[in-house]
Each structure stands twice: as C-alpha cells, then as structure tokens.
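Notes for the one structure printed next.
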Number of protein chains: 2
Amino acid sequence: MTLPIDGRKESMAELLGNLLVAQSGGPTAVINASVAGVIQEAGKHGAIEEIYGGLNGIYGILKEDLIDLNEEKARAIEGLKFTPGPALGTCRYKIDFKKKPEQAAKDMDRLFEIFQAHNIRYFFYVGGNDSQDTSNQIHSEAVKRNYEMRVIGIPKTIDNDLPHTDHCPGYGSAVKYNATTVSEIALDVSGMATDDGACCIIEVMGRTTGWLAAGTVLAKRNPNDAPHIVLIPEIPLNEEAFLAKVKEVVAANKYCVVVVGEGLKNAQGEEIGADKTRLDAFGHPVLSGAADCLLEILQGKLNIKTRTVRLGYAQRAAGHLASATDVAEAAACGEAAVRAAVDGKSGFMVKLVRANSASYKCTTDLQDLNDIANAVHLLPREWMSEDGFLPNEKFVEYARPLIEGEMKIPMEGGLPKYVTLDRVPVDKVTPART
Amino acid sequence: MTLPIDGRKESMAELLGNLLVAQSGGPTAVINASVAGVIQEAGKHGAIEEIYGGLNGIYGILKEDLIDLNEEKARAIEGLKFTPGPALGTCRYKIDFKKKPEQAAKDMDRLFEIFQAHNIRYFFYVGGNDSQDTSNQIHSEAVKRNYEMRVIGIPKTIDNDLPHTDHCPGYGSAVKYNATTVSEIALDVSGMATDDGACCIIEVMGRTTGWLAAGTVLAKRNPNDAPHIVLIPEIPLNEEAFLAKVKEVVAANKYCVVVVGEGLKNAQGEEIGADKTRLDAFGHPVLSGAADCLLEILQGKLNIKTRTVRLGYAQRAAGHLASATDVAEAAACGEAAVRAAVDGKSGFMVKLVRANSASYKCTTDLQDLNDIANAVHLLPREWMSEDGFLPNEKFVEYARPLIEGEMKIPMEGGLPKYVTLDRVPVDKVTPART
C-alpha cells in the first residue's frame, strides 16, 4: 500500500482492482439508474478493472452469484435508466451480529473470501436503511481485516425515510405515479358523484412514514381538488375527526378522495390495517389493510358509496411514469459513489443536498454511514396542516421539484419495452458455501 | 314533417333542432373522446343548431341540468380526447318500467317535457348495457309520442361486454394500463424472488366477464413472463388446480403473478370475494375482494410470500396510458352517431366492425338497440387454454391491436394536465320537477 499523496486523510494512491455493485431491499422505478451511473462512471477510471454485479444482493454474493457487467450492451446499460424493478435482483438478507452473531461472523468470512477471490476493491450497495447498515458493517470489517476496499452506500427507497439526505432516489417517481393516479381517480369519482356523495380511499405504501401519502397532495391544483384527506402513520387516526372531515368534504364537493399510508396507527399506536379482532371462518385473524379498515369505519357511520384502491407494488415499479429528475439524481448518486471511492473514500453514503437557490438544484455529497443506520426520517409535523389532514405549502415546496420531467420509454406492441440484462456469469472460484 | 326524399326507409328530410349528448355508468379513459367526436362532427351539420350536454346523464337531464357545449373552447373539446373521467358527469339512474312503472312513466313525461322545451332533436347517450337500454326506451317513447327525435347509443365500457360490437371503446385503454402494470410488477417481484418464492395477486375489474383480466396476457413477451395465471369470472375457481398451478409456476420461475377478475366465482357460482362467512368484531360479514381471498387460500396452503394489488378505479381512469387506437375509435363512434342521426337513423347503437384484413382496421356500423339490451358478451371459452388458466393465441390476436399507440398528454408541474369544461349552463325553462 502506498502512502497518501495529498493532504486528504481518506485519500490514498490509486487502488487497482475490480468493482462489485449490488441492490438490496424493495425496488424502485430508478434503482437501476443508480447501477447505470456506477457502471458508466466506473468505465472512466483506469483503476477499476472489472465491473461485476452481485445477483440478489448480499444473499447472492454469499453464493458467489456474480455477473460480468462489461459483457452487457451499452444500450442495455443506458436502458437501465428507465427500467424499473431490480435488474440485478435484491434480497432482504441481513448480516445481524446482534441477533445471530455466529451466522454473521460466518457470513463475513464468506463475503471476504469472495471479495478476495475476485479482487473486489470497490463495493457499492444500493439500498435503504438496512442496506446502508450492511454497507457500514462491510466497511468496518474491511478495515478490521486490513483488506483495502472502498465501500460506498447508494441511497434508494420510495419511503424517503433515510436521514441526512434531502430526499431519496425512488421517492420522486413513486410520488409522480401516485399523484397522477389520485388526480385521475378524482376525475372518475367526481363525475360519478351522486346526491349521497361518493368516496374513494387510496392506500399507498409507507409503514412508518407518511412521505408517500403526503406526496399525493401535489395532485391538488385548486383548493377543492383531491386529495381531500391524507392520513399518515406519524399522526394517529382520530376516528371522530376523520368522519367529521369526510362529511364536511362530501357536503362541499359531493365526493371525497382519501389517501392513506398503509402504516396508519390508531390512538393506541397499533396499525389499523393489522386489526386482529376480525376472524375468518377458521377463527384466524383477517388482515385487510388500512384502506379496507377506513372503508368499514365509513360504511358503519356514513351513508356514502365508498370504494378502495390498493396500489401496492405498482407504485414502486411504475417506470412508465418515472420522474426524469429522480432518474437523473439516481444516476448521479451512482456516479458520485464511484468518484468518491476512486478518490479514496470508504464508509460513506452518497446523499443529495438541495442548493439554497431560487430554482431547484441538488448536488451530491457524502455522509458517514454511522449516521445513517437505525435512524428514520419522519415527515415533520410542521409540514402538515394544523388538523393533521393535509400536507401544507412547506411540504409542497419541498416535494414539487422531485416529480418534474418525464422519461421517454420505448414502446413495443403498445407496452413499455424495458431492458433485461444478459447476466453473463462470472466463473465461481471458491468452494461452494457449506 | 316532410316526406322521405330518397329510397331509404329510415331517412327523412333535414331535421332542424338541437343536440343533447350525455354520459352514463362507470367512466373510462376515453368516454370523453366520444363526446368530442359528437361535438366536432355536429359542428359540420347545418341541421344541428345548438349542442348541449346533459350533466350526470338522465339523472341530471331530469333536473334540466344542461350546459352549452358551443361555449367551450375548441382547445378544451380537443382536450377531451385525452381527459379521463366523465367530463359531463355520469349516473347509474335507470328508467325502469318493469320494477317502477309509475316512476318510469313520470320520468319519461319529464324527459320529453325537457326535450320539447329545448327542441332536442338529436340525443346521444354514451354508455354500457343499461344505458343502451335507456336509449332504446327513449327512442321508443319518441316514436310513441310522435316526437321526431333521433336517438343513437354510443358504446362505452372497460368491461368489453356489449354484444354485436367487435369490442367496446374504453377497453383497450384499460388493458394497456393493466398490462403495463402487470409487466412492471413482474419486474419488481421477480427481482425480489427468494428461495421460497414470491407471489403477487393483482385484482382487476370485471364482475361478470374476464375481458379485462384476460387482457393482461398481452404483457407476456416470452412464455415464462407474467401473468402466469389469469382467473376469470366465466371459469369457476378450482382451488386444488389453482394451488398446483401456483406451485408449478414458482418451482419454475421462483415467482408467480396471478391476475384475477373481481367477479371470480367458486364452484357453487358465488363470488369468492363476497364470502359471507368472515365476520368482523361486530359479527358483520367482511367483504374483502377476490385477491384477498386468493391470498388467504395461498397462505393457508403454500409457504410463499404473497402480496395483493387492487387497481380499482385507477384502471378505468388512467388517461396517461390511454391507447391511441382506443381514443381514435371512441371519437369515431361519436362522429358516426351524429352522421347516422343526421342521416335519419334512430334506435341504433354504433358498433365497431373489424375488417377481415391482414393489418388491423375497424370501421363503424349500426346495430338495432333491441339487440343490445340484456345481452352480455362473455369471453369465449375457446379463447382460453385448456386448463383455463391463461388466454391463448386467439385472444392475443384479438386484443393486441386494441392497445396500440400512445397519446401525448400535456404535463404541468410533473403531472398530466387534463381539461375541465367551463360548463356554461343552459337556462332552465321548465318548472322544477316535483
């Protein structure tokens, strides 16, 4: 190892070796744009020799399931920018030193066996909170083992709940899709309005935070537009106030569109969608989700025709409505990760920093991975109206720029033509894991 | 009344008067394109004096809620072609001579009071089965009352269940959206696949027919692509065969995407989503929908992580993914209705006729409204695979052309900018309805 050649503490001389990028956790519409950014930037740096992808995150890497990304066509790499779903596959596998110390130690040994066997010197993990924690552990192990490798986390989550970054790649696209859907459903329901009134409850993701639900407020161009009520996990449901609000909205507009984050809690702090008191024919509890619970609350108390929509996976996979801003930022995060690593940094997550300027602009910077793990960024209470039923102007100002711009998706037979990778495997060189 | 001027029985001399167009039933992404077609074609015919819209269908017309469509900007009329939801509003109101003969007779008197007061001589009703029945009744009443008026029904339903027409405007756009969603969710779920396998059940509309569910098969570009199983209301669920099929698919692909029409029946012919044996804490039955029922079946029997998506209203309102073919045909149906009426026809529905040619082409023709009412067009059994789990090539050949082409939707602030009508009211001239 050569000595630092300039004054920066983290910087070291050129580190020759191979790159490994992998994806983890729930995918987004732009999770592949970050991988494209990594690959395209890596190609510019002579220190990086081979560019490998790990299939299904850590879980696949432990099985030595690597592919050679330099074997992919340039067109496919560029196409990753508009292709949703994890092109490399993801996992929810955790290396958990607290709960499973023995397994975790074995996993780490195995990981470094593979890193060394393939001379991996650059490791990039695209993921949310848990994945950043994994990156941090891998970084620490590398230091401990005196194995020179640069580890940088790349943020990704439609939940937008990572701390220290202005927002998370993936969020803007999910909001663009959800808000579009809310505005379209509003045109439908408002046109069907009867004298009794009509209501539609749209359930979006967000187990802990209300960022996704709140984002649909961007569909509001006029004060009476949908969504009329946005319920978020951070603010427990007040059933009486909710019923009164629905009544008020229906009286004014003859229809009401409610958006609910799936993790909405009751006053006792329990998720309303996980109500265990409802039993099926065999006496098993029926878990039906937040929207269906609200439907029952409404149907029991108000005479309003109500329907529910549960967007589920559709909202994090809707590449056809990806935000061009989001795609560009996701790619930029991948590029920044490579530049930072080549520059000698390790143990950081790339973050987005909003410029304090009149027009929206974000740049990338780095945050110590120790600051990321186990911290959840909640929606600030002061970005919601006093009654807690709608995000306010502060939120709109924050979120609006994130959904700007559309991608041009190639179509074939009337449907989007997304890319799939050839996935040329890298030869396995270690004995199979026991 | 002048005598016929040529040999055609239906043809009469020019009928001077005003036009009334209205919408009825569940909206579609292209229901307004038909209204645009009516308005634009009507402008070409000197016999048609004023062009009125009835708000909320028959229900609003009974209240004399008419608007002057000639007051709308040309840009707004053109914009109707890409604006989902019913721009004029719809209703589910039925004039029912069988069940409510007194009310029906009163309604008819009132309708013709309004037609006469506004000199309505051309009446166009955009709707599904029930609405075509209403049009037929109004046509018969006009003949009976010797009130010269031409009544033409314009087909519209995402369900695609009207008889005698090759397909229904609205269907192609819903399929384009649903199939896109299935392909995107497949990218998501397949990338998340674990050793145990993952499954996603997507519920689409279709209470009686499986046209919408079947349409998602267009997402299949390769034999292993999603959807892997399509369950339609016409084929009762065989639980054992379904479980075996899911197991087989997961064994082969590690994931499985199931699409289910909301009206899927069990062997007893009951909707599985309307199972009354599940009770809430108060002992009331819980109705959770077909996808959630399938989820419970799977979770009870197989160890596969399963999630559900319920697209609901989103699928009939998704203007941002409307099929350009569908939009053009919906507009053409509106235009054809006006031409037929000016030509002296009444008591018909416009239908789409597929040309027997190598490349897809549809023209319009007319069908007697008597042939439409109370007939439902089911998905032919021979368009499904032998095991009943997938539409076959015959269906694909039928459906593929219907989703071709994309609309260019203006965007503002990152979201579609749909049009709203100014809705300049026509003065009420009759005493309010008692």
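Order of the sequence lines sets the chain letters (A, B, ...), proteins ahead of strands, with each chain counted from 1.
Separation of atoms OH (A/Tyr313) and CD1 (B/Ile185) is listed at 9.0 Å; rounding is to 0.5 Å. Between the OG1 atom in B/Thr180 and the NE2 atom in A/His320 there is a gap of 6.5 Å [rounded to 0.5 Å].
Using a 4.5 Å cut-off between heavy atoms, B/Thr308 contacts chain A through both its backbone and its side chain. Interface residue B/Cys200: only side-chain heavy atoms are found under 4.5 Å from chain A. Residue contact with chain B, scored on non-hydrogen atoms closer than 4.5 Å, involves the backbone and the side chain of A/Lys417 alike. For B/Leu321, the part lying under 4.5 angstrom from a heavy atom of chain A is the side chain only. For B/Thr181, the part lying near chain A is the side chain, with the backbone staying farther off; criterion is any non-hydrogen pair under 4.5 Å. In this structure, the portion of B/Glu406 lying under 4.5 Å from any heavy atom of chain A is its side chain and not its backbone. With a threshold of 4.5 angstrom between heavy atoms, A/Glu412 approaches chain B through its backbone and through its side chain.
Among the candidates A/Pro86, A/Pro416, A/Pro84, the single residue satisfying the side-chain contact (heavy atoms from CB on, under 4.5 Å) test with B/Leu187 is A/Pro84.
At distances below 3.5 Å, not a single donor-acceptor pair connects side-chain atoms of B/Asn56 with backbone N or O atoms of A/Met192. Between the side chain of B/Arg400 and the backbone N or O of A/Gly413, at least one donor-acceptor pair lies under 3.5 Å. Listed for the A/Lys176 side chain is no donor-acceptor partner under 3.5 Å among the backbone atoms of B/Leu415.
The candidate from A/Gly85, A/Pro27, A/Gly25 with the greatest count of non-hydrogen atom pairs under 4.5 Å with chain B is A/Pro27. Ranked by non-hydrogen atom pairs under 4.5 Å with chain A, the options B/Pro401, B/Ala318, B/Gly89, B/Gly312 are led by B/Ala318. Of all the listed residues (A/Met411, A/Arg316, A/Arg307, A/Arg221), the one sharing the greatest number of non-hydrogen pairs under 4.5 Å with chain B is A/Arg221.
B/Glu184 and A/Tyr418 are linked by a side-chain donor-acceptor pair at a separation below 3.5 angstrom, with hydrogens and angles left out of the test.
Applying the 6.0 Å contact sphere to CD of B/Glu270 captures more than 12 heavy atoms from other residues, nucleotides or ligands.
No salt bridge links A/Arg310 with B/Glu203; every basic N to acidic carboxylate O contact stays at or beyond 4.0 Å.
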